[in-house]
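Report on one structure; see the data block that follows.
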Amino acid sequence: MSNSVQSQQPMDEANAVQARDHKFLTRAVEEAYKGVECGHGGPFGAVIVHDDEVVVSCHNEVLKNTDPTAHAEVTAIREACKKLGKVELADCEMYASCEPCPMCFGAIHLSRIKRLVYGAKAEAAIAIGFDDFIADALRGTGFYQKANLEIKRADGKEAVFAEQVFEKTKAKFQMY
């Protein structure tokens, strides 16, 4: 193989990945618009892809479902898991219109999605009034202080009792 063919191959592959990312990210952004137009929730969309095919395409449904956890990414994970009949999405990718909040990032991590591509930075959402604890959490700047709730670990027997559930049930399930 000549040098010009070898040097062109990685560039063609990079261009193909970029085009693919653009295609699916565009779909996530379209979902964000759709959710706002329907009155379902904030301007966030997410798409889960498996083998270059869209498994699900979702938007924020916080208002529609009266559910503060119905973010686009969480909704997409829930629907993809149901559709594929599994709790692990290690062979899937997610395209999100915006940088995921800590809850969504946690769900993405727990579902084992292999790749995440997002469009807007969290600051874009913050600029229109979404809670800035999202960016603080992502940047590691102490979001617990902004939560306005007391966080306390139980002490005494209650804490021990709560910890025992893990030891007593470990034989009944297998982790990934």
Side-chain angles (χ1 to χ4, degrees), residues 1-65 69-141 143 176:
M1 192 181 296
S2 73
N3 282 342
S4 64
V5 172
Q6 285 177 337
S7 63
Q8 178 121 14
Q9 192 172 15
M11 184 54 93
D12 289 344
E13 188 175 315
N15 289 341
V17 169
Q18 186 175 8
R20 186 175 167 284
D21 287 352
H22 176 76
K23 174 178 131 180
F24 294 125
L25 188 56
T26 297
R27 178 103 177 243
V29 172
E30 289 169 354
E31 274 291 338
Y33 279 112
K34 179 180 170 184
V36 171
E37 290 167 13
C38 295
H40 290 177
F44 304 95
V47 174
I48 294 182
V49 175
H50 178 263
D51 290 338
D52 287 337
E53 295 293 324
V54 172
V55 176
V56 295
S57 183
C58 300
H59 54 263
N60 182 292
E61 295 185 351
V62 167
L63 300 176
K64 175 187 174 195
N65 296 337
T69 69
H71 291 196
E73 299 91 336
V74 172
T75 300
I77 289 167
R78 289 174 180 159
E79 290 188 18
C81 288
K82 283 180 189 172
K83 186 172 183 178
L84 298 172
K86 57 187 182 176
V87 296
E88 182 190 278
L89 302 173
D91 53 354
C92 295
E93 300 168 295
M94 177 181 281
Y95 293 84
S97 63
C98 186
E99 185 174 15
C101 74
M103 176 186 69
C104 292
F105 183 76
I108 291 163
H109 172 75
L110 291 172
S111 69
R112 307 293 194 253
I113 287 174
K114 69 178 177 181
R115 185 169 181 258
L116 166 68
V117 177
Y118 68 88
K121 292 183 69 70
E123 286 78 8
I126 293 163
I128 65 164
F130 286 90
D131 200 330
D132 65 348
F133 105 100
I134 293 169
D136 286 344
L138 294 168
R139 310 293 180 263
T141 53
F143 65 95
Y176 313 97

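These numbers come from the heavy atoms of this one structure, side chains and all, not from hydrogens, waters or symmetry mates.
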Gap between atom CD1 of I126 and atom SG of C98 - 0.5 Å precision:
8.5 Å
Shortest non-hydrogen separation from V47 to S57 and the atoms involved
CG2-OG, 3.7 Å
Roughly how far, to the nearest 0.5 Å, is the CG atom of L25 from the CD atom of E30?
10.0 Å
Minimal heavy-atom distance between F44 and A72, with the atoms involved, is O-CB, 3.4 Å
Of all heavy-atom pairs linking A76 and C58, the shortest is CA-SG, 3.6 Å
On a heavy-atom basis, the closest approach of A70 and N65 is CB-ND2, 4.1 Å
What I want to find out is whether D21 reaches R115 closely enough, with some N-O distance under 4.0 Å, to be called a salt bridge.
yes
Positive for side chain to side chain donor-acceptor pair (under 3.5 Å) with Y95, one of K23, R20, E31, R27:
R20
Has the side chain of N60 got a donor or acceptor atom that lies under 3.5 Å from a matching backbone atom of V62?
yes
When rounded to the nearest 0.5 angstrom, what is the spacing between CD1 in I128 and CD in E123?
13.0 Å
Residue set satisfying ring pair (Phe, Tyr, Trp, His ring centres under 6.0 Å) with Y118, at least two apart, ordered chain then number -> none
In chain order, what residues pass the side chain to side chain contact (heavy atoms under 4.5 Å, CB included) check against C104, with sequence neighbours excluded?
H71, E73, V74, P100, C101
Exercise answer: donor-acceptor pairs, residues 77-86 side-chain atoms, under 3.5 Å, sequence neighbours excluded:
| from | atom 1 | to | atom 2 | distance (Å) |
| --- | --- | --- | --- | --- |
| R78 | NH2 | T69 | OG1 | 3.2 |
| K83 | NZ | V55 | O | 2.8 |
| K86 | NZ | D91 | OD1 | 3.2 |
| K86 | NZ | D91 | OD2 | 3.2 |

Quick one: CD1 on I48 to SG on C92, what's the gap to the nearest 0.5 Å?
6.5 Å
